[in-house]
Amino acid sequence: MIGVLNTWSELNPCHTHFRDRAEEVKRGVWQAGGFPVELPAMSLSEPFQKPTTMLYRNMLAMEAEELLRSHPVDGAVLMGGCDKTTPGLVMGATSMGLPFVFLPAGPMLPGRWGAEVLGSGSDAWKYWAQKRAGRITEQDWNEIENGIARSPGHCMTMGTASTMTAAAEALGLTLPGASSVPAAFSGHARMAVATGRRIVDMVWQDLRPAEVLTAAAFRNAVTVVMALGGSTNAVIHLVAMAGRAGVDLPLEAFDEIARRTPVLANIRPSGEYLMADFHDAGGLRALMAQLADLLDLDARTVGGGTLGENIAGAAVHDADIIRPRDRALSPEGALAVLRGSLAPDGCVIKTTAASPELLQHTGRAVVFDDYDNLAARIDADDLDVDETCVLVLRGAGPLGGPGMPEWGQLPIPKKLLQRGVTDMVRISDARMSGTSYGTCVLHVAPESAAGGPLALVRDGDLITLDVPARRLDLLVPDEELAQRRAAWQPPAPPAGRGYGALFAQHVTQANEGCDFDFLAGSGAPEPAIH
Ligand code: FES
């Protein structure tokens with residue numbers, strides 16, 4: 001019996017093809033002699049769920065785990081792709097411990113506006129800023145909206161969806177080459193059938209996630225995320241996924257791996273192209289073949305072979321899209337982990353999406369207490385700000401958001417936008433969409449709502465960002481900070497009952513993966529029947 005966990009929903013445009021794909025998975029299961037049963041699971045729809053799908057990632061993880069625990073199934077195919085669906089499904093199925101294969105939704109086809117190629121998210125942010133600055137019209141904006149998402153599939157830039165499905169493949173959880181196949185390609189349907197066939201064999205072989213999700217597999221995934229110029233969200237999700245597998249994955253591992261991994265994928269927002277181009281250039285197998293000496297090729301995968309066997313013979317068909325090592329987009333990986341007096345437990349910055357001249361910068365803080373405060377003041381003519389300032393948003397972390405929304409790409413104040421300013425140092429305890437760009441320091445831990453130093457920053461304080469030294473510091477004397485701390489009041493909990501209350505009581509901080517404290521590790525795969 002194979003459970004097919006389907007995150008289809010009418011309100012998730014990234015998964016519109018999942019009804020068809022579920023049938024194709026089932027066909028594969030039948031072909032191999034299994035019996036498939038489709039089990040609907042919560043669809044975390046990035047564009048439509050408020051305040052953020054991140055609030056519900058752990059809920060999907062609990063649902064996936066208990067669906068597999070409580071139903072009479074021997075293995076599972078997990079169907080996901082839109083940002084949080086990949087980590088949510090994998091976290092839950094890992095804790096349950098049954099054999100599973102992950103089926104990535106596949107990216108959308110490229111978007112288009114007139115002669116312009118549009119990439120999900122990245123071009124929305126770009127043209128939204130142009131609209132605020134008065135450079136494009138409402139009609140232009142409507143045309144962009146109509147042209148940016150033209151097929152089924154998840155965002156086709158190297159946003160969180162493409163990053164996490166690639167991470168799933170690098171972890172060994174998909175069939176070889178599965179993660180970059182565009183959703184609308186016929187190859188995607190064939191991959192779904194092959195996935196259905198494979199899970200039946202996997203059950204007979206009793207190949208369980210614990211044999212695949214080793215420390216080496218997680219280091220492979222981090223290496224691949226860095227070489228892709230992947231989303232900062234991968235840091236949180238991979239830490240949480242590793243926690244389910246019993247693997248310790250500290251933030252420092254990301255920084256260490258980033259320093260030795262070049263960015264080879266020329267994909268927006270760090271590069272130029274989109275996921276369909278990446279697929280045609282050879283896809284993830286070809287990228288991993290370029291990195292072979294940085295990967296543990298003996299890692300097992302759900303396909304039955306090792307990672308090394310999966311990438312053997314993979315060729316690059318366009319060396320501008322998947323760069324050779326000597327023409328890397330960046331000699332180091334996409335992310336840096338910083339610590340300092342403003343982030344004692346760490347924070348991250350996507351260096352490849354930042355302005356090089358701002359990576360070492362000291363500026364005066366302009367502080368926004370929460371998102372509503374930011375929205376009300378950011379475009380005010382009397383906002384005391386210039387391009388050397390550091391914009392600070394707090395109240396946007398796991399507890400504060402709640403759910404750690406993607407508010408970390410704070411908008412440039414309108415009066416600066418109109419003067420042509422396109423980037424500033426921005427700091428928050430929020431996350432940022434993987435499709436975003438700018439010199440944005442994210443995931444500051446502990447967050448302000450938990451009493452982290454971010455809660456104590458005031459307008460006019462000096463803040464120093466020093467990415468080469470991996471530091472983020474608040475230049476305020478300790479005695480002054482102690483006085484501010486004594487006067488600080490924690491915010492009221494956002495919810496008094498229900499899931500929101502459960503979330504607030506048990507969510508961990510960003511450096512720990514934002515999982516619930518009681519969900520780490522695995523449960524008994526075979527519950528007693530009474
Ligand atoms: Fe689903 Fe971006 S909206 S992946």
Side-chain angles (χ1 to χ4, degrees), residues 6-19 21 41-57 60 78-90 102-111 117-128 144-169 174 178-184 188 225 228-234 236-237 267-270 274-276 278-279 284 350 353 403-409 430-437:
N6 188 352
T7 52
W8 176 89
S9 154
E10 281 185 335
L11 270 178
N12 192 340
C14 304
H15 295 181
T16 50
H17 54 316
F18 270 8
R19 279 180 154 171
R21 291 296 176 273
M42 185 182 196
S43 187
L44 301 180
S45 172
E46 206 57 31
F48 288 112
Q49 273 180 285
K50 296 177 285 186
T52 163
T53 50
M54 186 64 184
L55 186 61
Y56 300 104
R57 182 201 66 182
L60 173 61
L78 312 179
M79 299 177 61
C82 192
D83 291 18
K84 315 302 180 294
T85 55
T86 302
L89 288 166
V90 169
F102 182 74
L103 177 79
M108 275 185 271
L109 298 176
V117 174
L118 298 177
S120 314
S122 304
D123 283 301
W125 316 128
K126 178 174 123 185
Y127 286 110
W128 182 248
I144 289 165
E145 279 198 332
N146 289 339
I148 204 165
R150 304 190 296 174
S151 82
H154 60 67
C155 289
M156 71 327 226
T157 42
M158 189 46 67
T160 304
S162 301
T163 304
M164 291 312 301
T165 52
E169 180 171 342
T174 73
S179 64
S180 54
V181 184
H188 197 270
V225 167
L228 287 169
S231 163
T232 45
N233 286 320
I236 294 176
H237 297 318
I267 304 175
R268 300 182 199 188
S270 300
L274 296 173
M275 284 302 293
F278 179 69
H279 176 68
L284 198 71
K350 187 168 186 175
M404 212 178 172
E406 292 183 333
W407 296 335
Q409 187 193 29
R431 296 176 303 113
M432 178 173 90
S433 165
T435 63
S436 296
Y437 46 83

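Counting convention: from 1, in listed order, for ligands and their atoms alike.
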Considering only heavy atoms of C82, which atoms of ligand 1 have at least one such atom less than 4.0 Å away? 1 (Fe), 3 (S), 4 (S)
Which part of A161 is near ligand 1, with near meaning a heavy atom under 4.0 Å away: side chain, backbone, both or neither? side chain
Which atoms from ligand 1 have a heavy atom of P47 less than 4.0 Å away? 3 (S)
Gap between atom CE of M108 and atom NE2 of H154 - 0.5 Å precision: 8.5 Å
Let me know which of T160, T435, T163 forms a side chain to side chain donor-acceptor pair (under 3.5 Å) with S231. T160
Distance from atom 2 (Fe) of ligand 1 to nearest protein heavy atom, with residue and atom: C155 SG, 2.2 Å
Side chain proximity check, S180 to S162, heavy atoms < 4.5 angstrom: no
Quick check: does C14 put an N/O/S atom under 2.8 Å from atom 2 (Fe) of ligand 1? no
Please determine which of M164, M404, E406 meets the side-chain contact (heavy atoms from CB on, under 4.5 Å) test together with N233. E406
From the options T52, T7, T53, select the one residue that forms a side chain to side chain donor-acceptor pair (under 3.5 Å) with K84. T53
